[in-house]
**Q** 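Got a structure for you, questions after.
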Amino acid sequence: MLELNFIRANKSRVLQGLKIKNFPQEGLQVIDDILKLDDGRKETQTNLDSLLAERNQLSKSIGNLMKSGQKAEAEAMREKVAALKEEAAQLEESLNDTKAQLEELLLKVPNIPHESVPPGTQPEDNEVYKAWETTLPELGPDALPHWELAQKYGVFDLELGVKLTGSGFPVYRGKGAKLERALISFFLDEAIKAGFEEVIPPLMVNEDTARATGQLPDKEGQMYFVERDNLYLIPTAEVPVTNIYRDVILDESDLPIKMTGYTPCFRREAGSYGAHVRGLNRVHQFDKVEIVVLDHPDKSYETLQQMLAHVSGLLDKLELPYRILRLCGGDMSFTSALTFDFEVFSAAQKRWLEVSSVSNFETFQSNRMKLRYRDGKSTRLVHTLNGSALALARIVAALLENNQTPEGIVIPKVLRTYTGFELLN
RNA sequence: GGUGACGUGGGUGAGUGGCUGAAACCACCGGUUUGCUAAACCGACGUACUCUUAACGGGGUACCGCGGGUUCGAAUCCCGCCGUCACCGCCA
C-alpha cells in the first residue's frame, strides 16, 4: 500500500509510475479520489475531535457539580452532552465510512516502479540485465527432457502424485528425494553463511498475514484456502517470514534484518497446458528457500544488489547457465518496486526457466504491516526485500537435463557432500 | 474437546466508575559524580490521527487483547469473540 503522504507529495510521479506499471488509463482517477477522500477524512476527524473534547470538558464539569451538590446545573449539562453525543455518533460513522472507502481504494493501487524499471507490457519487454556470456550447453539429438529422465532414473513421479493428490504434486523418490533435500540444505547453509537467520515458519497463514505482504485482496485465487479454519496455504515463505515483524518498531541499529527459510510453496494457478507446464516446469507444490531482508530506506537498493550477488553465487556453484532480467513495468508484481528474475537454461527443452525472483518492495509491504524503525523522535517505515535462493523444482529440471550423460545425471561438486553420490542413475 | 483462572506501556506489576495515558520497580536513553568499570543521584522515557508553528515546540482526540453495550463520564460494569495459562480427556 502506498503511503498517503507520499501520494500527496508526489502525485505526478505516482501517476507516471502507474502508467509504467500498466495501470489502466481510466483508473488513474483513483488517485484524485483518494486525495479527495482523505481531505474529507481530515475534516471529519477534526470536527469529531473537537466535539469529543467538548464532551470531555462537560463531563468533567458535571462530576464537579455533582460533588458540590448543584444538581440542577448538572442536569442541564447532561442534556447538552446528550445532544453532542448524537452528533458525534454521526460524525464517527461517516469517519469510519470514509476510512473504509479510502482503504479500499488504496488497496487497489499497485506499488510504483523504481526509476530504472523499463516500460513494457509483457515478458518479451523485460530487459536482459546480465546475459550468459559463454556458450550455452548443447546436447546431442538423443538428449531427453527432464520428465523423461525422471522416469528413466526414478527421480520423481507425477502420476503417483495424481493418485495421491492431483496433478502438479510431484513425488520425489530415492536419489531424487535425496537430491531435493541436498539442494535445500545447500541453499540454507549458503544463506546462513551469508548472515541470514534461519526460520521455519508455519505453512498456513491467516488473513491479516496474507494481506500484509500483498497476497490479499487481489491474488486470492493464487492460494489454497482452508475454509473451515480460515487459513491460507503459503505461496511462498515470504509471507510468514516477513510478517514476523508485522506491527513492530525496530531500532535503527537492528537493521538490516536478514532471514532465510525453507518451505514448500503452494500455488493454485489457473495455469496453461502443454509443453510449458510439463514435468517440473510448473507445479502446485514445490520447495523453495527464500531470503528476506528488512532494511533502512537508504540502504535497500544496495542490499538488493547483494541479494543478486548471493543468488548468482548459488547458480555459479551449481554450474548452471543463467541470465538475469530486469522486469518491465507490466510484468512486475503488484507489490514490487523493482524485480530481477533469474532464469536458468534448461538444455534439453532449450528454454529459460525462472528460478528466482528478487524484489525490493520499498515501503509497500511495511506500510500494510506497520513495520517501522525509530528515526530520532519519530518512526519511519522500513524497506522490505525478498528473493528466492532458490526455487527447487526448476533447478532440478535444469540439473537433470544439463547434466545428463549415458551413465546418469552428474551431480554438481558442491552438492556431493550433501547427496553422498556423484551420479544419479 | 471439557472445566477454571487470566489478558494493563520494552519487562515485572498496581489500579473495581471522574483526581489514571495510566503508580512503583526494572531495562533503555541523556546528565552529574568518578582514574576506568561499577555504584549513587537527577532527568527524560508509548503509538496513531489531527490542529497549530518557518522550526523547536504546543494544543486536541483515540488506544489498558479485539469488537460491541451501559453511563454525563469506562482500564475499571455488562455481552460476544480471540488468545494465554492450569487441570482433565485425546494424541504425533
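Because only heavy atoms are used, hydrogens play no part in the values below, and waters and symmetry mates are left out as well, while side chains stay in. Proteins come first, then strands; the chains are lettered A, B, ... in the order of their sequence lines, and each starts at number 1. All values reported here derive from a predicted model rather than from experimental measurement.
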**Q** Going by purine N1 to pyrimidine N3 plus the second Watson-Crick contact, or the G-U wobble pair, all under 3.5 Å, which nucleotide sits opposite B/C82?
**A** B/G7
**Q** Could you tell me how far apart A/E3 (CD) and B/A48 (P) are, to the nearest whole angstrom?
**A** 12 Å
**Q** Determine the Euclidean distance between corresponding C1' atoms of B/C49 and B/A54; express it in Å to zero decimal places.
**A** 23 Å
**Q** List the steps, then state whether side chain to side chain contact (heavy atoms under 4.5 Å, CB included) holds for A/D251 with A/Y373.
**A** CA-CA 5 Å; A/D251 282 329; A/Y373 71 95; over 6 Å; no
**Q** Does A/T379 make a side-chain N or O approach to OP1 or OP2 of B/A48 shorter than 4.0 Å?
**A** yes
**Q** Which nucleotide, if any, forms a Watson-Crick or G-U wobble pair with B/C29, using both distances under 3.5 Å?
**A** B/G43
**Q** Which residue lies toward the 5' end of RNA chain B, A/R78 or A/E43, if each is placed at its nearest nucleotide?
**A** A/E43
**Q** Quick check: do A/I31 and A/K11 have side-chain heavy atoms less than 4.5 Å from each other?
**A** yes
**Q** Just by distance, do the side chain of A/S336 and the backbone of A/M332 share a donor-acceptor pair under 3.5 Å?
**A** no
**Q** Between A/V205 and A/L231, is a side chain to side chain contact (heavy atoms under 4.5 Å, CB included) present by the stated rule, with each step listed?
**A** CA-CA 5 Å; A/V205 294; A/L231 295 172; over 6 Å; no
**Q** Quick one: label A/L48 by what it contacts on the DNA or RNA (base, sugar-phosphate, nothing), any heavy atom closer than 4.0 Å.
**A** nothing
**Q** Which one, B/C72, B/U50, B/U61, comes nearest to the side chain of A/L52?
**A** B/U61
**Q** For A/L95 and B/C63, give me the distance from atom CG to atom P, rounded to whole Å.
**A** 14 Å
**Q** How close or far is atom P of B/U71 from atom CD of A/E79, stated in whole angstroms?
**A** 15 Å
**Q** Taking the side chain as C-beta and beyond, is there a heavy-atom pair between A/L423 and A/V410 under 4.5 Å?
**A** yes
**Q** Which nucleotide wins on minimum distance to the side chain of A/R372, given the candidates B/A48, B/G60, B/U71?
**A** B/A48
**Q** Under a 3.5 Å cut-off for both distances, is B/U76 Watson-Crick or wobble paired, and to whom?
**A** none
**Q** Nearest to the A/N56 side chain among B/A62, B/C72, B/G46, which nucleotide is it?
**A** B/A62
**Q** For B/A54, which nucleotide is its Watson-Crick or G-U wobble mate, given both distances must be under 3.5 Å?
**A** none
**Q** Within this structure, what is the CD-to-C1' distance between A/E92 and B/G67, rounded to whole angstrom?
**A** 13 Å
**Q** Is any NZ, NE, NH1 or NH2 atom of the basic residue among A/K99 and A/D38 found under 4.0 Å from an Asp or Glu carboxylate oxygen of the other?
**A** no
**Q** Could you work out which one of B/U47, B/G60, B/G18 sits closest to the side chain of A/D49?
**A** B/G60
**Q** A/K377 near the nucleic acid: base, sugar-phosphate alone, or nothing, with a heavy-atom cut-off under 4.0 Å?
**A** sugar-phosphate
**Q** Base, sugar-phosphate alone, or nothing: which one does A/S61 contact when heavy atoms must sit under 4.0 Å apart?
**A** nothing
**Q** Which whole-number value in Å describes the distance from A/Q45 CD to B/A62 C1'?
**A** 8 Å
**Q** Expressed in angstrom and rounded to an integer, what is the separation of A/N96 atom CG from B/A62 atom P?
**A** 14 Å
**Q** Check every atom of B/C51, B/U47, B/U71 against the side chain of A/K85 and return the nucleotide holding the closest atom.
**A** B/U71
**Q** Watson-Crick or G-U wobble partner for B/U37, using a 3.5 Å limit on both distances?
**A** none
**Q** CG of A/N230 versus C1' of B/C81: gap in Å, rounded?
**A** 14 Å
**Q** I'd like to know if the side chain of A/E207 pairs up with that of A/Y232 as donor and acceptor (distance under 3.5 Å, no hydrogens or angles considered).
**A** no
**Q** What's the closest nucleotide to the A/K42 side chain, out of B/U50, B/G73, B/A48?
**A** B/U50
**Q** Here's a test of your reading of the structure: between A/I62 and A/R374, which maps to the more 5' nucleotide of RNA chain B?
**A** A/R374
**Q** Return the pairing partner of B/A48 with a 3.5 Å limit on both distances, Watson-Crick or G-U wobble; otherwise return none.
**A** B/U61
**Q** Among B/A62, B/A48, B/G18, which nucleotide sits nearest the side chain of A/R55?
**A** B/A62
**Q** Using Watson-Crick or G-U wobble geometry with both distances under 3.5 Å, which nucleotide pairs with B/C91?
**A** none
